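Written out below as structure tokens is the structure these notes cover.
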Amino acid sequence: MKQPRILVIYTGGTIGMIEDQSTRTLRPFDFSHLMENVPKVKMLDYEIDNFQFHPPIDSSDMSIAHWQQMARIIDGNYSRYDGFVVLHGTDTMAYTASALSFMLRGLNRPVIITGSQLPIGEVRTDGEENLITALQIAAARDADGLPMVREVAILFENYLWRGNRSSKRSADNFNAFKSNNYPALARIGLGIEYNLEALMRPAPDSQLNVVYDFDPSVAIVDLFPGLSRVTLNHILYTPGLKGIVLRTYGAGNCPTANWFIDAIKDAIARGIIILNVTQCFHGSVSPNRYVSADILSAAGVLSGYDITCEAAITKMMSLFGRGLRHDQVIEALRQPLQGEMTVR
Ligand code: ASP
């Protein structure tokens, strides 16, 4: 068996941060610092190369340009490596995982994103274990010798999750991520137990075709009792707006007041595409279960079923970025493109 070749893309995040002695705040630091703190990586007997963002960033500064940079690195090195590990801050990791899943069409190699809650230099860091496990998953092969994971996934502490199904659920727990509507792709304990039924299985001969463009002419509207007509209309009349992710209550419900429904209908009549996503951590939009959700779907609001908000907004930006026609964007939002939702 040849030595696995892994490319580590270090974007920043807590995993590589060090404490600034004067201000006592954490700031991103370089890749060599990170590797010096994990001497065990050498025991893996892998060929590991790295690409570092200059400067490494706190992931709250993540942007479309950074996603494009990551995709370019993967695209340009695709045939040379067996897998890719992306080291990333946890704050926007679920957005990056979702965005990459829509960009890297035809992917049939592992892109494993990880980070940590404590910097790698700290005694109780979770970064060391996360980095080593991510490398092992990126190198893992199935019984046919194909990569075990052929999709974008997030590895954190005890679980491997589908990237576009994940959300950050804790600011301090080591198990910081969860996919509420899709099973874990693997459980990490004494060993790494893969869930073969949950893993994506693209055709072995599928070719990587990266879609780089995003159009950020979108917004997220989060419902709350008290949301005013002025605020809603202000957002819906944003110049150039093309799409809205509407975060609704429960099974996809919204206020039934005429002003609210009229504002939604007016936006749809002006060509704005609206996707209904539930605020609940678990479960799906059921467009016809309650009167209010039924009104939304009758008005032309699309059901996002059990999609996460992170996947919904990145999917919309990616579809608009592709320059598709209005009806093509609607068609693509109705169906899963990369295993990001379950249509009921
Ligand atoms: N603010 C950090 C980041 O997202 C948090 C972390 O990495 O956990 O970059």
Side-chain angles (χ1 to χ4, degrees), residues 8-31 33-34 51-74 85-103 111-122 125-127 130-131 134 152-157 161 163-179 212 214-222 235 238 245 247 277 279 281 308-318 321:
V8 177
I9 303 170
Y10 172 52
T11 70
T14 299
I15 192 164
M17 289 186 184
I18 55 167
E19 197 176 274
D20 187 314
Q21 295 301 320
S22 55
T23 60
R24 308 211 64 83
T25 52
L26 291 173
R27 64 178 168 79
F29 208 60
D30 71 6
F31 188 75
H33 153 81
L34 206 136
F51 184 97
Q52 173 177 333
F53 271 27
H54 287 290
I57 59 166
D58 184 305
S59 79
S60 22
D61 280 322
M62 192 52 58
S63 66
I64 290 172
H66 291 118
W67 294 338
Q68 289 165 334
Q69 192 178 352
M70 284 178 231
R72 219 172 287 119
I73 297 163
I74 293 169
V85 170
V86 179
L87 301 179
H88 194 291
T90 55
D91 291 345
T92 59
M93 190 181 282
Y95 291 91
T96 295
S98 299
L100 287 177
S101 79
F102 298 119
M103 297 174 91
V111 175
I112 312 299
I113 310 181
T114 194
S116 68
Q117 294 281 41
L118 283 175
I120 204 122
E122 292 204 10
T125 186
D126 51 331
N130 284 348
L131 172 58
V152 179
I154 289 182
L155 176 276
F156 227 87
E157 191 73 0
W161 304 108
N164 58 26
R165 289 281 196 160
S166 314
S167 297
K168 182 173 178 180
R169 64 154 183 185
S170 174
D172 45 35
N173 196 299
F174 282 162
N175 268 310
F177 286 85
K178 181 137 204 260
S179 162
Y212 284 99
F214 284 88
D215 184 340
S217 313
V218 294
I220 298 172
V221 174
D222 220 333
I235 301 171
T238 304
V245 171
R247 294 193 72 227
V277 170
Q279 291 175 356
F281 296 119
T308 62
C309 185
E310 295 90 329
I313 199 75
T314 50
K315 183 176 179 180
M316 256 196 183
M317 289 196 287
S318 170

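Everything numeric here is computed off the predicted structure, so don't read it as measured data.
- Judged purely by distance below 3.5 Å, without hydrogens or angles, the side chains of Asp222 and Gln279 pair a donor atom with an acceptor atom.
- Between the CE atom of Met317 and the OG atom of Ser217 there is a distance of 10.0 Å, given to the nearest 0.5 Å.
- With contacts defined as side-chain heavy-atom distances shorter than 4.5 Å, the pair Phe29/Pro56 does not qualify.
- Listed here is the closest heavy atom pair of Ile154 and Ala94: CD1-CA, 4.1 Å.
- Inter-residue side-chain proximity for Thr308 and Ser166 is flagged as unmet; no heavy-atom pair is nearer than 4.5 Å.
- With no hydrogens or angles considered, a side-chain donor-acceptor pair links Glu310 and Ser167 at under 3.5 Å.
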Dump the intermediate steps for side chain to side chain contact (heavy atoms under 4.5 Å, CB included) on Phe177 and Thr90, then the final yes or no.
CA-CA 9 Å; Phe177 286 85; Thr90 55; 3.9 Å; yes
Determine whether Leu155 and Trp161 satisfy the following criterion, side chain to side chain contact (heavy atoms under 4.5 Å, CB included), listing intermediate values before the conclusion.
CA-CA 6 Å; Leu155 176 276; Trp161 304 108; over 6 Å; no
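- In this structure, the side chains of Ile220 and Cys309 come closer than 4.5 Å at one or more pairs of heavy atoms.
- Here Glu122 pairs with Leu118, Pro119 under the side chain to side chain contact (heavy atoms under 4.5 Å, CB included) rule; sequence neighbours left out.
- Between the CD1 atom in Ile74 and the CG atom in Leu100 there is a gap of 5.5 Å [rounded to 0.5 Å].
- When only modelled atom types and interatomic distance are considered, His88 and Thr11 share no side-chain donor-acceptor pair under 3.5 Å.
- Within a 6.0 Å sphere centred on OH of Tyr212, heavy atoms belonging to other residues, nucleotides or ligands number more than 12.
- The only member of Asn130, Asn173, Thr114 that meets side chain to side chain contact (heavy atoms under 4.5 Å, CB included) when paired with Glu157 is Asn130.
- Here the CG atom belonging to Asp91 is positioned 5.0 Å from the OG atom belonging to Ser60, to the nearest 0.5 angstrom.
- Contact annotation: the side chain of Ile18 approaches that of His33 to within less than 4.5 Å [non-hydrogen atoms, C-beta and beyond].
- In this structure, Met62 CE and Ile64 CD1 are separated by 12.0 Å, a value rounded to the nearest 0.5 Å.
- Here the side chains of Val8 and Phe51 are not in contact, with every heavy-atom distance at 4.5 Å or above.
- Contact between Ala311 and Phe102 at its shortest, heavy atoms only, is O-CE1, 3.5 Å.
- Aromatic ring orientation, His66 versus Phe53: parallel (interplanar angle below 30°, classes split at 30° and 60°).
- Between Asn164 and Ser98, the side chains place no donor N or O within less than 3.5 Å of an acceptor N or O (distance only, hydrogens not considered).
- Two residues are said to be in side-chain contact when any heavy atoms from C-beta on lie closer than 4.5 Å; Val86 and Ile112 fail this criterion.
- For the pair Leu34/Leu87, a side-chain contact is recorded, criterion being any heavy-atom separation below 4.5 Å from C-beta on.
- Between the Ser179 side chain and the Arg165 main chain, a donor and an acceptor come within less than 3.5 Å of each other.
- Ile15 contributes atom CD1, which lies 11.0 Å from atom CD of Gln117 (distance to the nearest 0.5 angstrom).
- Here the rule is side chain to side chain contact (heavy atoms under 4.5 Å, CB included) with Phe156, and of Ile113, Asn175, Asp126 only Asp126 fits it.
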Applying side chain to side chain contact (heavy atoms under 4.5 Å, CB included) to Lys168 and Thr92, what does each step give before you reach the verdict?
CA-CA 8 Å; Lys168 182 173 178 180; Thr92 59; over 6 Å; no
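- Counting only heavy atoms from C-beta outward, the side chains of Met93 and Thr96 never approach each other to under 4.5 Å.
- Nearest heavy-atom pair across Ile57 and Pro28 is C-CG, 3.9 Å.
- Within the structure, every pair that satisfies the salt bridge (Lys or Arg N to Asp or Glu O under 4.0 Å) test and touches residues 13-25, not counting sequence neighbours, is listed here: Glu19-Arg24, Asp20-Arg27.
- Aromatic ring centres of Phe214 and Trp67: separated by under 6.0 Å.
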